[in-house]
Each structure stands twice: as C-alpha cells, then as structure tokens.
Engineer: 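Below is one structure. I have some questions about it.
Below, each value reflects all heavy atoms present in this structure, side chains not excepted, and no hydrogens, waters or symmetry copies. Just so you know, these numbers come straight off a predicted model, no measurement behind them. First the proteins, then the strands, lettered A, B, ... as listed; each starts at 1.
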Number of protein chains: 2
Amino acid sequence: MGGWWEMARAQSSRPYHHGELREALVSAGRKLLEERGIRGFTLRECARRASVSHAAPAHHFASIDDLLAEIATRGYQELAAAMEAEAKRAASTPAARLVAQGVGYMAFAAANPVLFQLMFGREANRFETPALKAAAKGAYLLHVAGVEEVIPQAPAEVKQRMVDFAWASIHGFITLVLEGQIGDGDSPRALKARGLAMLGAMVEAVIRAGGDP
Amino acid sequence: MGGWWEMARAQSSRPYHHGELREALVSAGRKLLEERGIRGFTLRECARRASVSHAAPAHHFASIDDLLAEIATRGYQELAAAMEAEAKRAASTPAARLVAQGVGYMAFAAANPVLFQLMFGREANRFETPALKAAAKGAYLLHVAGVEEVIPQAPAEVKQRMVDFAWASIHGFITLVLEGQIGDGDSPRALKARGLAMLGAMVEAVIRAGGDP
DNA sequence: TGGTGTAATTTGTCATTGTCCAGATCTGCG
DNA sequence: CGCAGATCTGGACAATGACAAATTACACCA
C-alpha cells in the first residue's frame, strides 16, 4: 500500500504530481467504503486520504459514481479470483469444487461486506459501465462452469435452472449472514459450519435434479 | 395518499400545522427512495414533497437515519403481510404454501426494489432500532413456520438448516434478479416461471432433507 | 372565556459535499 | 531549450444535514 511517494513526501516537500493518484484513490476509496458505508462514502475524503486537493480526483474520475464503478469492477475481478482459487485448492470432485467455489464467494463477501453490497446493490445500476458489466459476467460464468461440471449430461434448461438455484443459495445465504439476519449470535466457526451445511444441501439438490432418473 | 390538507392548502393558504407530517414524510420518503436510490435520498427533498420547510422533519425524526429506519421497519411489516397473504391464497398443501410465501416475498421485493435493499442492506446496520429488529424478526418467523409445516417431524437442527436454505434461495434469487444479474433479457413472464422453478427445486430439496429415509 | 404553556413549524446559519473553473506546476517530446 | 498537454491547486457555487432562535397554532386549565 504505502508507496514510494509517501516517503518522498515525508522527507522533502510533496511533489506536485502524485504519480499514482488513480490507484491511490481506488485503494483509499475501498477502505473508506468499508469504514463508513455507502452513504458515508465521500470523494473529498478519498482525496484527503491520498493527500491531494479536493479537486484532484476529477482528472481521473469524471464523477463520484465513476470511482464507485471502478471499485465495484475490481471487486468482481477479486471475487472471481477468490472463487477460482478456492475451487483449485480443493479439486477432488466436481461437487467438491462447486462447494469450494461457494466458500470462496462467501469468504470474499465476508471480507468486504460493503463492497459486496455495492457490487450487487441497486446503486450499481446507476453507474453501469461496460467494464463493470464484463467483470460481473466473468464471475457469473464461473457459476455456470461449476454447475456444468457437476451435471454435464443434464439438458440445458435444467442446467440453467440449477445455476440460478446454486447462485441464489450462495448469494442469499451470505447476504443474510452479513446483515445479521442469519446466525446473529453464532460464533464464526459455527457460522461457517452452517454455511457449509447449506452448500451441501444445495449441491445435493443440484445433483439430484440433474442426475439420470 | 393525498390527504385532506392538500385540498385545504390548494384552496386557502396552507395551515401552519401540517397535521400528519410524520406520515407524509414516510410516504414521500418511500417514493423518493425508489426514484433516486439510497444515495439520492434527501431529507430536504422529503420535506419539499410534503410542502414543508427544510427543518420541519427534525421534530418527527431526529436524523435522516431515523426516517430511513422507520421506512425500513414498515417495509418489513409489509413484507410479512405480503408473504402471509400469498400463502393464505394458495393454502392447499404445506409445500404449496411455502412456495406461495416465497412468491409473496419476491413480489414485494420486485415492487419495492430500493426499499428492499435498504431493509437488507449493510446500511440498515447503522440505524438499527428495536422496532426495526422486531419487524425483521416477524418476517423471519414466517420462514420458520413455513418450513416447520413442510417437515414437522424432522429434528430441530435439520429444520434450522432448511430454514437457512429456503430463505437463502428465495432471497438470493430475487436479489440477483433485481440487480439484473439473473435473467436480464427475460420477459417478466419468463422470469416468474424461472423463479417458480427455483422455488420448486428448493421445496423439493427441503422435503427430501426432512423426510423419513 | 381568555390566557398560557407546549408542540409544530419557519427562517437563518454553519460546516461539508460534488462539481466546475481558472490558474499554477510538472513531464515528456521535439 | 522550449512548449504542449497532462496533472494538480485554490476558489467558487448550489445543495445538504444539523442546529438555534423566532414564530405560529393548538390544547388545556383557571
């Protein structure tokens, strides 16, 4: 995080040009988002944290929504990476991989709750950029691939429905947990077990729906 | 909606006392929320729509978050009512009732997408009032009851897990639909069918998990 | 009935915000 | 070396949430 320019700024006077302001704003904005929530997110505070004047961000992001869109886009990329990493780690059977993908999904959401809500929230529809859409699609395709591997011989329509089903269960569960509506008093350990149980039920249902009669 | 005072205001000069300002603010706020999104929600605009000065709301809501909390609380009450109404309408079997409850849930979310996100969003954690918590619990108990009826003989732990499962599927599906991540191009009709298919798969999984071996 | 305290509302103010603008400063290229 | 364009600063503007003080309507009690 703390880049070279911070030291430069601490020793001599700060250089007029930041050098990596765009990155710094995204990074500061991400932290700010988690700290203050969506309604507490502020362009000027991002600028302040990047040690830059309040108007500087304008040269890198046309508006506050542009910055949020960029943050959300990277969120999708990280989400996809987390899913893939977890799936690769436990690559025994297709079913286990699908469960693991779900674990990666939930872990990302738990680690970045506000960002997660920004990505999937209604606000995102207001600043939908092509990059954001593409990134979101990338994550979606992982769900499709995961289900495909579990029930390769099922008809396309059943697969489609099972993708809906799998994704909805995973997404819904972690969303409700983050909001405290599920397992409010549970320990993190118990909560993870609860999540795994749900994932197990989901995968079993998928297999049953897609398997031969 | 349009109350008596509107006519009074139109004919003679507006009375100094609004009479039902609290209600008017909640109602205006709700519309505003859907129109402009959470980030576009403004106390002053609510006041404007209630034909009242910008400082008037302060006597009824301590802060903007207080107003949002009230709106969210009523949302939960309506959500529960929608679930119950739909379940009562199709009261043939427990399974059908559980599906119908899910339909009611989704219909409410589809009709009030931003409000729905406010209720279940991360922002709600910042203004958690006792009333809000109670209202949320009321809706939760409907899920519990619905699952209970379908698998009355299952052990408590299985029931608990199936409540998680059922709620997560329903909540996740409609959330993803509202965000356009599922069935973006589908017609409303096709989308509803897709939702019903998912609900069917969910209920079947619940029955199978809770039934005798 | 009439006065008075209280609740509801308004106007004014302040710090903060997003966005725009003009000017200052730097960087890279010729 | 010089200059054009990118990058950053400082100031401005309207809008916002919150607060304080003044104003108005109402309810209740003497």
Engineer: Among Glu84(B), Glu86(B), Glu149(B), Glu148(B), which residue satisfies the salt bridge (charged side-chain N to carboxylate O under 4.0 Å, His left out) criterion with Arg97(B)?
Structural biologist: Glu149(B)
Engineer: If the test is side chain to side chain contact (heavy atoms under 4.5 Å, CB included), which one of Val158(B), Val163(B), Leu142(B) qualifies with Val147(B)?
Structural biologist: Val163(B)
Engineer: Is any side-chain heavy atom of Phe61(A) closer than 4.5 Å to one of Val26(A)?
Structural biologist: yes
Engineer: Roughly how far apart are Met119(B) CE and Leu132(B) CG, rounded to 0.5 Å?
Structural biologist: 8.5 Å
Engineer: Nearest whole Å is fine: how far is dT27(C) P from Glu20(A) CD?
Structural biologist: 14 Å
Engineer: Expressed as a whole number of angstroms, how long is the span from Leu25(A):CG to dC8(D):P?
Structural biologist: 9 Å
Engineer: NE2 of His171(A) to CE of Met106(A): how many Å apart, nearest 0.5 Å?
Structural biologist: 10.5 Å
Engineer: Please list, in numerical order, the residues of residues 60-73 of chain A that have a heavy atom closer than 4.0 Å to any atom of DNA chain C.
Structural biologist: Ser63(A), Ile64(A)
Engineer: Between CD1 of Ile38(B) and CG of Leu68(B), what distance do you get to the nearest 0.5 Å?
Structural biologist: 8.0 Å
Engineer: Name the residue closer to the 5' end of DNA chain C, choosing between His59(A) and Glu45(A) according to the nucleotide with the nearest heavy atom.
Structural biologist: Glu45(A)
Engineer: Whole-Å distance between dT17(C) P and Arg39(B) CZ?
Structural biologist: 12 Å
Engineer: With no hydrogens and no angle check, just 3.5 Å: does a side-chain donor-acceptor pair link Tyr140(A) and Trp167(A)?
Structural biologist: no
Engineer: Please list, for nucleotides 10-15 of chain D, all pairs of protein and nucleotide N/O atoms separated by less than 3.5 Å.
Structural biologist:
residue: dG11(D); atom: O6; partner: His54(A); partner atom: NE2; Å: 2.7

Engineer: State which residues pass ring pair (Phe, Tyr, Trp, His ring centres under 6.0 Å) with Phe108(B); sequence neighbours excluded, sorted by chain then number.
Structural biologist: none
Engineer: Pick the closest DNA chain C nucleotide for Ala56(B) and for Phe41(A) by heavy atoms, then say which residue is nearer the 5' end.
Structural biologist: Ala56(B)
